[in-house]
Number of protein chains: 4
Amino acid sequence: MARTASTIDEPVRQRLLSVATRLFAERGFEGTSVQEIVAAAGVTKGAMYHYFDSKDDLLREIYGRVLRMQMERLNRFAEGDSPIEERLHAAALDVVVTTVENLDDSKIFFRSNHQLAPDTRKVVRAERRRYHERFRELVTEGQRSGIFRADIPAEMAVDFFFGSVHHLGTWYHPEGELSGQEVGRYFADLLLASLRPEAK
Amino acid sequence: MARTASTIDEPVRQRLLSVATRLFAERGFEGTSVQEIVAAAGVTKGAMYHYFDSKDDLLREIYGRVLRMQMERLNRFAEGDSPIEERLHAAALDVVVTTVENLDDSKIFFRSNHQLAPDTRKVVRAERRRYHERFRELVTEGQRSGIFRADIPAEMAVDFFFGSVHHLGTWYHPEGELSGQEVGRYFADLLLASLRPEAK
Amino acid sequence: MARTASTIDEPVRQRLLSVATRLFAERGFEGTSVQEIVAAAGVTKGAMYHYFDSKDDLLREIYGRVLRMQMERLNRFAEGDSPIEERLHAAALDVVVTTVENLDDSKIFFRSNHQLAPDTRKVVRAERRRYHERFRELVTEGQRSGIFRADIPAEMAVDFFFGSVHHLGTWYHPEGELSGQEVGRYFADLLLASLRPEAK
Amino acid sequence: MARTASTIDEPVRQRLLSVATRLFAERGFEGTSVQEIVAAAGVTKGAMYHYFDSKDDLLREIYGRVLRMQMERLNRFAEGDSPIEERLHAAALDVVVTTVENLDDSKIFFRSNHQLAPDTRKVVRAERRRYHERFRELVTEGQRSGIFRADIPAEMAVDFFFGSVHHLGTWYHPEGELSGQEVGRYFADLLLASLRPEAK
DNA sequence: AATGAATGAGGGTTCATTCAT
DNA sequence: AATGAATGAACCCTCATTCAT
């Protein structure tokens, strides 16, 4: 018997996470009540507090999931042995595609950051920074080998690029005319173009 | 006689706006209570509700102020008669500089958007779209005259650029080593570079 | 130059009373804010507090007006020299007609009684009682002369009748098919009928 | 085991209803705060909002209880097979007795009607109308068989009677010299008397 | 593993009233 | 005679969380 996700028999913990992700993305973390989450998940409050310490804990879990996935994928792309411009293009394209495929996570990530407890926030930011640095290494690698222009700090180019990616959540619509692949290609092209050395 | 924001003799309405802007940026809209706002402004709740219809109204006012300022500045830069690449560079640099100078407004803008009442939201988004379109016209103008590459939709390039700008609030720190001018120059350079036609 | 009631040049005090009467009848005393009253009257709060001590004072004035009017009219009818059954019938008819003509006053009277300050309330109830007693005297006069049945206390018959009258506000509609006169006649007939001595 | 109202061991929900009924009757719906209700019931606000959706919901429940009880009793009396004048007399007496026994409910009913949310109000008024119509049928039945005078609309006679009943709350005191039974008999007698055909 | 009654603090908002002008 | 800014208390309600079961 086939079943869609979020059906009644999906493990409660997982169902709570899915539902919370959707609601946090739609209404924001503060705008979503625990009552709404458990109602949408079809369980009671007690059940939620059995699996999670608090509402903050739910958010923390969602963050963790996203961070782990992104880091794994980036590493896979970075470690290849094709030319640097191809690896960077592929990694850039991939981060756009996965962001678009998990748009709810992305929305939560860049909107609810300040709601995290200070400690959690520190952990999240540290992991985020590692991710950023890994990506930046790709740029510096290209700069060192003369493939990318070096008159703009790698950090700046990376911030420039990720700003764009993180903001996908505010304008990209899955039903729109552009697929994630297409946006990804454009974004990766723009990144690579901006790093091309100035024509003499 | 110039005065810093939030001094005791600043008109109550203005003081409420300044304080609310700061707090919304720091803690988010939902994370800031009316009580905290009025306490920080040194007035009572009644005073706040004398000048504003609601907490939402406060947010609405802040939004309006930002929108008006940005639109005015963009128009000034767009209407010049220097070459298109210079006008776009100048406009791009300016939007970064003003964003950095009003970083609180920017943080609020891209984090609390979904908290607005549906009607207000529609108004804000419409005005936002107009701003976007005005900027895009600069890009298409350059594309038509062959100065900018035309194989990437202008819309995409603009979304790419503004994503970066809007995310300044998440990483830029006024006390950091880069001035708004410097970041603005880098960002504008990156934008222009990404629009350069492919080298043959 | 002809002028309708409640126009801008009607004395402020009078306009406040009219407006408050209408609003109190529509929404109840507690359900009407001072702000709504002054807005509807086209003046400011300060103006209202210039003419009236408080919101309670407004209600007190409305009560006073009704009480005075009803007492005057009753006296006029009671003092006639036609047969007692005719005088009672006329008085009963008149109280229905005037109640219907001032339905807002009536609604306020029997719905907002408990909102009055204890002292005012005592005064109002005393005056009300005097009115009641005056009416009752008509009944006892008829009982003494054998025209009305005496096996039911006059007080009871009067309470019975006035209960009906006071409840007109909950069901009578000026635009309905019955005029105040018609309802008055029916009510007066019913009162007289209920006082007729039992047939042997 | 019989228990008096408002004892500490009475279920919370029931205790809230009893207390609210008493307070609404004493001070009116708008004049009673939720804080006062929960304090009198010895619970916290949270507990109240666990059982009732809102303060309005509390009022709605009280209304529902009264309406159901009155309708049941009326049906019992109306369905008997004694002569119509006896059935009407018994029903009239009963409605007075039960009104007096639940005087708080009655006070609330005819004073707070306009405080109900429009939807609830519609429901309540419809049920009220059905009750009224059931009672009126008794009168028309008597008119058709010539027992009651037919020159006064049944509707009018019923409004006349119920006006009196509904106003019991404004003057009847349980500690007074008249029992509910006595008032009921007088009121029923007056009703029947007013319906007696005119003597020739 | 899960319930649901109950808590208590705090949420945004309304209000009658005051007072300097 | 009238303004309107400002007060401060009270309003209804929501919330994340706890706990006995």
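This structure is a prediction, so every number in the text was calculated from the model and none was measured. Just so it is clear: chains get the letters A, B, ... in the order the sequence lines come, proteins before strands, and each one is counted from 1.
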Rounded to the nearest Å, what distance is computed from the [atom1] atom of residue [X] to the [atom2] atom of nucleotide [N]?
{"X": "D/R27", "N": "F/dC11", "atom1": "CZ", "atom2": "C1'", "result": "15 Å"}
{"X": "B/Y49", "N": "F/dA10", "atom1": "OH", "atom2": "P", "result": "18 Å"}
{"X": "D/L58", "N": "F/dC13", "atom1": "CG", "atom2": "P", "result": "10 Å"}
{"X": "A/L16", "N": "F/dA16", "atom1": "CG", "atom2": "P", "result": "14 Å"}
{"X": "D/D53", "N": "F/dC13", "atom1": "CG", "atom2": "C1'", "result": "12 Å"}

Please find the pair of heavy atoms, one from [X] and one from [Y], that lie closest to each other, and give the distance.
{"X": "B/A47", "Y": "B/V43", "answer": "CB-CB, 4.0 Å"}
{"X": "B/K107", "Y": "B/G169", "answer": "CE-O, 3.3 Å"}
{"X": "A/S54", "Y": "A/Y49", "answer": "CA-CE2, 4.0 Å"}

Can you tell me the base-pairing partner of E/dT14? Count Watson-Crick or G-U wobble geometry only, both distances below 3.5 Å, and say none if there is no partner.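 Pairing partner: F/dA9.
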Is there a Watson-Crick or G-U wobble partner for F/dA20 with both distances under 3.5 Å, and which nucleotide is it?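 E/dT3 is the nucleotide pairing with F/dA20.
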Heavy-atom nearest nucleotide on DNA chain E for A/T44 versus C/K45: which residue maps closer to 5'?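 Mapping each residue to its closest nucleotide by heavy atoms, the 5'-most match is A/T44.
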Could you check C/Q35 against D/A47 and say which one's nearest nucleotide on DNA chain E is further toward the 5' end?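 By nearest-heavy-atom nucleotide position, the 5'-most residue is D/A47.
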Please classify the nucleic acid contact of B/Y51 as base, sugar-phosphate, or nothing, using heavy-atom distances under 4.0 Å.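 Result for B/Y51 = sugar-phosphate.
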Check this for me: does any side-chain nitrogen of one of D/R13 and D/E61 sit under 4.0 Å from a carboxylate oxygen of the other?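 Looking at D/R13 and D/E61, the cut-off is met.
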Hey, can you tell me if A/F109 and A/Y63 have their rings parallel, tilted or perpendicular (30° and 60° cut-offs)?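 Rings of A/F109 and A/Y63: tilted, 30 to 60°.
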Regarding D/Q70 and D/R128, is there a side-chain donor-to-acceptor distance under 3.5 Å anywhere?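 The criterion, which ignores hydrogens and geometry beyond distance, is satisfied for D/R128 and D/Q70.
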Is there a side-chain contact between A/D56 and A/T120 in this structure, where contact means two heavy atoms from C-beta onward sitting under 4.5 Å apart?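 Result no, sub-4.5 Å side-chain heavy-atom pair not found.
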Using chain A heavy atoms and a threshold of under 4.0 Å, write down where along DNA chain E the contacts begin and end, 5' to 3'.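 Range of nucleotides within reach of chain A: E/dA1 to E/dG4.
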I want to confirm an ordering. Mapping C/G46 and B/V12 to their closest nucleotides on DNA chain F, which one lands closer to the 5' end?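 The residue mapped nearer the 5' terminus is C/G46.
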Heavy-atom nearest nucleotide on DNA chain F for D/F29 versus A/M48: which residue maps closer to 5'?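 On the 5' side of the pair lies D/F29.
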